[in-house]
Amino acid sequence: MLKEKYQAVMEALAQAAQSSDRKPEDIHLIAVSKTHPASAIEEVYKFGHTAFGENRIAELNEKKHLLAGLNIEWHLIGQLQTNKVKLLASDVILHSLDRISLAEALAKRPEKFRTLIQVNCSEEANKSGVALADFDALVEKVAAIKNIEVLGLMTIAENSENEALVRKAFQRLKSLSDRLAAQKIFPEYRGWLSMGMSGDFALAIAEGATHVRIGSAIFGTRN
Ligand SMILES: *Cc1c(COP(=O)(O)O)cnc(C)c1O
């Protein structure tokens, strides 16, 4: 069951890459395992998959501990409260650097952190991610902090059937990323674009996604 779903997703990713004249190996799948047990992660790991995403730090740490023997690359894709920065292990890639206070809390830690800046490209109220209007100020602040490496950008598009609207959010992220790359603000910048989920990954890949975060299409629906 899990195997069929995982393979179907991998095939759909390759298909989307080909349709956009992109190489399948340039699209990285982050299997989003939130709410699912560590045993499900272990099963997908056995298919040869190593990148997993969780949206809550406590749940991530619990599974990371349970699966410590496996060579998993962990991604934290949900919001991180400032008072929980102390719980973030430095080998976890943080997709949700979204505000100056979080950057300042990370700056107090001695370790280096790999991060993506999350942007609210859809400009929805209550949506996570730095507002477009505040993006430059956040970039300037983070660039001055030595232990934060910025590898790329992350966004969540509208949950909408309107393809043009969804594409617009992805296009905005891509153009912000192209600008950061051209300006060479972050020495470690890799141009990662973390965008696309179960419902919209094909559009995200068409618009340049390098990392798609897919949960329900692999693990099934969540309660
Ligand atoms: C849950 C989650 C996903 C995966 O969503 P699916 O629709 O289940 O694929 C992707 N990104 C973030 C930030 C999430 O919280």
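Below, each value reflects all heavy atoms present in this structure, side chains not excepted, and no hydrogens, waters or symmetry copies. Just so you know, ligand 1 is whichever comes first in the structure, and atom 1 is the first atom listed for that ligand.
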* **Centroid-centroid distance, His49 to Tyr6, less than 6.0 Å** =>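 When the ring centroids of His49 and Tyr6 are compared, they turn out to be within the sub-6.0 Å range.
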
* So, Asp91 and Lys112, do they make that salt bridge, N to O below 4.0 Å? ->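 Judged by the 4.0 Å cut-off on N to carboxylate O distance, Asp91 and Lys112 do not form a salt bridge.
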
Among all protein heavy atoms, pick out the one at the shortest distance from [atom]; state its residue, atom name and that distance to 0.1 Å.
atom                    : value
atom 5 (O) of ligand 1  : Met197 CE, 3.5 Å
atom 11 (N) of ligand 1 : Arg213 NE, 2.9 Å
atom 12 (C) of ligand 1 : Ile77 CD1, 3.4 Å
atom 15 (O) of ligand 1 : Lys34 NZ, 2.7 Å
atom 9 (O) of ligand 1  : Ser198 OG, 2.5 Å

Any idea which atoms of ligand 1 are less than 4.0 Å away from a heavy-atom of [X]?
X      : value
Ile214 : 9 (O)
Gly215 : 4 (C), 6 (P), 8 (O), 9 (O)
Ile156 : 13 (C)

* What do you reckon, does Arg222 put a non-hydrogen atom under 4.0 Å from ligand 1? ->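 Yes, Arg222 has a heavy atom closer than 4.0 Å to ligand 1.
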
* Asked: salt bridge (Lys or Arg N to Asp or Glu O under 4.0 Å) between Arg167 and Glu207: does it pass, once the steps are laid out?
  -> CA-CA 7 Å; Arg167 275 182 189 270; Glu207 299 300 341; 2.6 Å; yes

* Between Glu54 and Ser33, what is the shortest heavy-atom contact and its length? ->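 Nearest heavy atoms, Glu54 then Ser33: OE2-OG, 2.7 Å.
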
* Asked: How many angstroms lie between CD1 in Ile218 and CE in Met10, if you round to the nearest 0.5 Å?
  ->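 Those atoms lie 8.5 Å apart.
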
* **Short side-chain to backbone donor-acceptor contact, Thr115 and Glu149, under 3.5 Å** =>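 Flag set: sc Thr115 to bb Glu149 pair under 3.5 Å.
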
* Asked: Does Asp200 reach the main-chain N or O of Met197 with its side chain, forming a donor-acceptor pair under 3.5 Å?
  ->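 Yes; judged by distance alone, with no hydrogens or angles, the pair exists.
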
* Asked: Does any N or O atom in Ser216 lie less than 3.5 angstrom from one in ligand 1, N or O only?
  ->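 Yes.
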
